[in-house]
Amino acid sequence: RVGNQSVDIVDVGRFCHRYQGQRDVKTTPACYASIDSVAKIRIQLTARDLEILTSLDMLPLTADQLLRLSATFAQPFQSLRLVQRRIQALAQAGYVTCRPYATASLGRSPQYVQLTRRGYRILYGGDIVLPRRRYFLPIAEARHRHSQSLADFIVHLLTTAHSHGLHLRHFARENTVRIETTTGSL
C-alpha cells in the first residue's frame with residue numbers, strides 16, 4: 001500500500017518487463033527506474049518449494065518440465081497452473097527468474113525458470129561461496145535448444161528412475177566435473 005493507492009506488484013512487473021532492454025530515460029517508464037527499489041515479497045517456503053529450488057539447481061526447467069519432475073517430489077503438483085502460480089510466487093520473492101527460450105514453438109515461446117543468487121543461498125546457506133557468475137546468467141541463445149533437450153532428457157530419466165524405485169544420490173551440472181588421469185584431464 002502506497003499512500004491511498006494499492007499497488008499490484010504483479011502488474012507493475014509485467015508492465016515494466018516490456019522495457020527491460022531500454023536505457024533511455026525519455027522512453028523508459030518511471031516505474032522501470034524504481035522497480036529495483038520495490039521490496040521482494042516474502043513467502044512462506046514449503047518443502048515442495050525447496051524441492052523446486054533443488055531441481056532448478058540441477059538445470060533450468062520450464063513449468064511443464066517441473067510439472068513432470070514433480071512426480072518425484074514428496075507432494076507432486078496436480079496441474080500446470082499450480083506449478084505456474086508457485087513459480088510466480090518464487091519469482092516475486094526473488095528466488096527464481098523466468099526467461100524465454102528462443103526456440104520455435106506453437107504460440108508463445110516457453111519460458112525457462114532459473115535459480116537466482118538468493119534462491120541458491122536459501123538452499124545452501126547465506127555464507128556459501130556462490131558458483132561462478134555464469135551460473136546465474138541467461139542461457140546463450142545458441143544453447144537454448146541444447147539446454148531444453150537436455151532438461152527433457154534429465155526429467156524423463158529422473159521420473160522413470162523414480163517410478164522404478166531408484167533415487168538420485170548426486171547430480172553434477174553440465175561441465176562441472178573434471179576427471180584427472182595420468183595423461184591429463186577429461
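The figures here come from the full heavy-atom set of this structure, side chains too, leaving out hydrogens, waters and symmetry mates.
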Student check: side-chain heavy atoms of [X] and [Y] closer than 4.5 Å:
X: P131; Y: R173; result: no
X: S147; Y: L59; result: no
X: L66; Y: R86; result: no
X: V96; Y: L53; result: yes
X: Y112; Y: Q65; result: no

Considering residues, nucleotides and ligands other than H156, do more than 12 of their heavy atoms fall under 6.0 Å from its NE2?
no
What is the minimum heavy-atom distance between [X] and [Y], and which atoms define it?
X: A102; Y: S109; result: N-OG, 4.2 Å
X: L67; Y: L80; result: CD2-N, 3.8 Å
X: V83; Y: A63; result: CG1-O, 3.6 Å
X: P76; Y: Q78; result: O-NE2, 3.5 Å
X: A151; Y: P60; result: CB-O, 3.8 Å

State the [atom1]-[atom2] distance between [X] and [Y], to the nearest 0.5 angstrom.
X: T46; Y: I52; atom1: OG1; atom2: CD1; result: 6.5 Å
X: L90; Y: T116; atom1: CG; atom2: OG1; result: 9.5 Å
X: L56; Y: L61; atom1: CG; atom2: CG; result: 5.5 Å
X: D64; Y: Q111; atom1: CG; atom2: CD; result: 13.5 Å
X: S55; Y: L115; atom1: OG; atom2: CG; result: 10.5 Å
X: L69; Y: H162; atom1: CG; atom2: NE2; result: 10.0 Å

Between the side chains of R121 and D127, is the shortest nitrogen-to-carboxylate-oxygen separation below 4.0 Å, so that they form an ion pair?
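No, D127 and R121 are not salt-bridged.
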Tell me, please, whether F77 has R48 positioned over its six-membered ring: NZ or CZ under 6.0 Å from the ring centre and within 45 degrees of its axis?
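Yes, R48 lies over the aromatic ring of F77.
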So, the side chain of S163 versus the backbone of T160: is there a donor-acceptor pair under 3.5 Å, distance only?
yes
Are Y95 and Y120 near enough that their ring centres are under 6.0 Å apart?
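They do not qualify: ring centres at least 6.0 Å apart.
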Do [X] and [Y] belong together in a cluster built from hydrophobic side chains that touch within less than 4.5 Å?
X: M58; Y: L166; value: no
X: L137; Y: I139; value: no
X: F153; Y: V113; value: yes

What I want to check is whether the side chains of D57 and Y124 have a donor and an acceptor closer together than 3.5 Å.
yes
Quick one: list whatever passes salt bridge (Lys or Arg N to Asp or Glu O under 4.0 Å) with R178, sequence neighbours left out.
E180
Does the pair T97 and F136 meet the rule for a side chain to side chain contact (heavy atoms under 4.5 Å, CB included), with working shown?
CA-CA 9 Å; T97 187; F136 303 104; over 6 Å; no
Tell me, with the steps shown, if R99 and Q114 meet side-chain hydrogen bond (donor to acceptor under 3.5 Å, both in side chains).
CA-CA 8 Å; R99 296 185 171 102; Q114 195 172 21; 2.4 Å; yes
Audit row: L50, I122, side chain to side chain contact (heavy atoms under 4.5 Å, CB included) steps and yes/no
CA-CA 8 Å; L50 294 176; I122 287 293; 4.0 Å; yes
Taking the inter-plane angle between the rings of H144 and Y101 on a 0 to 90° scale, is it parallel (under 30°), tilted (30 to 60°) or perpendicular (over 60°)?
perpendicular
